[in-house]
Amino acid sequence: MKKTIIILTLLFCGLELISAQSKEMVLEDIRSEYKTIRNNMTSYVKKSPEIELNTTEGGLVTAYFDNKDLRLIEIIEFGETGKNIAQYYFKNRKLFFAFDQQYHYNIPIYNEEFDANKTTIIEDRYYFHKEKLFLWLDTDKNKVDLTLKANKMMGKKFVDYTKKLKHELKKEQKH
């Protein structure tokens, strides 16, 4: 019995190691694909569709295509006290990475005491494998606990939102 427990423990540890190694390989692939997209931005076809956003001061949606292959959707939402920039990266029509930046101004931008130097920025990085969130890094690049249901739901939220955006892009292209 003792041997069985030891063998099972070693097998479990071995599986964890393989999982960690494959996670690192997936991360390397994501980072490589991200760099490829960023390095080729000027060669992509850029479209700015009229997609309604949930913002008080308007916003911009820009989609980048490599031929007909969607590579990136960038959304900038403006508000009185900040703005949000979200970038959604795609490979083979699937979300693999999302980068979210929230800018918080010291006071509303129209106030004469507005000071851009007092703006705080919060950044979050979301890593996906087969459109499942497997790693979330906060503004300090610390891992966010994905065992919490609310945090795990963020991945589904992003995937669902990007599917909606892709649907809106298709509708826009038909016009």
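Source: prediction; values computed, not measured. What you see below is based on every heavy atom in this structure, not just the backbone, and it leaves out hydrogens, waters and symmetry mates.
You'll find the ring centres of Tyr126 and Phe97 outside the 6.0 Å limit. The ring of Tyr44 has its center no closer than 6.0 angstrom to the ring center of Phe65.
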Acceptor/donor pairs from residues 127-135 side chains to any protein atom, 3.5 angstrom cut, sequence neighbours excluded:
from   : atom 1 : to    : atom 2 : distance (Å)
Glu131 : OE2    : Leu95 : N      : 3.0

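Asn106 contributes atom CG, which lies 10.5 Å from atom OG1 of Thr81 (distance to the nearest 0.5 angstrom). Atom CZ in Arg125 sits 13.5 Å away from atom CD1 in Ile30 (nearest 0.5 Å). In this structure, Leu70 CG and Lys166 NZ are separated by 7.0 Å, a value rounded to the nearest 0.5 Å. The line from OG1 of Thr62 to CE of Met41 is 8.5 Å long, rounded to the nearest 0.5 Å. In this structure, Leu27 CG and Ser32 OG are separated by 12.0 Å, a value rounded to the nearest 0.5 Å. To the nearest 0.5 Å, the span separating CG on Leu72 from CG on Asp66 amounts to 12.0 Å.
Linking ILVMFWY side-chain heavy atoms closer than 4.5 Å, directly or via other members, places Val144 and Ile122 in two distinct hydrophobic clusters. Under the 4.5 Å side-chain heavy-atom criterion for ILVMFWY residues, no single connected hydrophobic cluster contains both Ile76 and Leu165. Note on Ile85 and Leu137: separate hydrophobic clusters, where clusters join Ile, Leu, Val, Met, Phe, Trp and Tyr whose side-chain heavy atoms are under 4.5 Å apart, directly or indirectly.
Using modelled atom types, one side-chain atom of Thr139 and one backbone atom of Glu123 make a donor-acceptor pair closer than 3.5 Å. Of the possible polar contacts, one joining the Thr162 side chain to the Phe158 backbone as a donor-acceptor pair under 3.5 Å is found. The closest donor-acceptor contact from the side chain of Asp115 to the backbone of Asn117 lies under 3.5 Å. No donor-acceptor distance shorter than 3.5 angstrom exists from the side chain of Asn111 to the backbone of Ile107, with no hydrogens or angles considered. Panel note: side chain Asn151, backbone Asp145; a donor-acceptor pair is recorded below 3.5 Å.
By the 30° and 60° cut-offs, the orientation of the rings of Tyr105 relative to Phe114 is perpendicular. Aromatic ring orientation, Tyr161 versus Tyr88: perpendicular (interplanar angle above 60°, classes split at 30° and 60°).
You'll find the side chain of Ile73 stays beyond 4.5 Å of the side chain of Tyr64, heavy atoms only. The shortest distance between side-chain heavy atoms of Met153 and Lys156 falls below 4.5 Å.
Partners of Asp140 according to the side-chain contact (heavy atoms from CB on, under 4.5 Å) rule, which considers only residues two or more places apart in sequence or in another chain, are Asp138, Asn142. Every residue was checked against the salt bridge (Lys or Arg N to Asp or Glu O under 4.0 Å) condition with Asp124, not counting sequence neighbours, and none meets it.
No cation-pi contact links Lys83 to Phe78, judged by a cut-off of 6.0 Å to the six-membered ring centre and 45° from its axis.
Between Asp100 and Asn84, the side chains place a donor N or O and an acceptor N or O closer than 3.5 Å (distance only, hydrogens not considered).
By the neighbour-count criterion of 12 heavy atoms within 6.0 Å, atom NZ of Lys91 is sparsely surrounded, having that number or fewer from other residues, nucleotides or ligands.
Among Glu74, Arg38, Arg71, Glu33, the one residue that satisfies the side chain to side chain donor-acceptor pair (under 3.5 Å) test with Tyr89 is Arg38.
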Inset, instruction - May I have the step-by-step check of side chain to side chain contact (heavy atoms under 4.5 Å, CB included) for Trp136 and Met154, ending in yes or no? - result: CA-CA 9 Å; Trp136 173 1; Met154 284 297 288; 3.6 Å; yes

Legend entry - salt bridge (charged side-chain N to carboxylate O under 4.0 Å, His left out) evaluation trace for Asp160 with Lys164: CA-CA 6 Å; Asp160 291 346; Lys164 178 184 168 207; over 6 Å; no

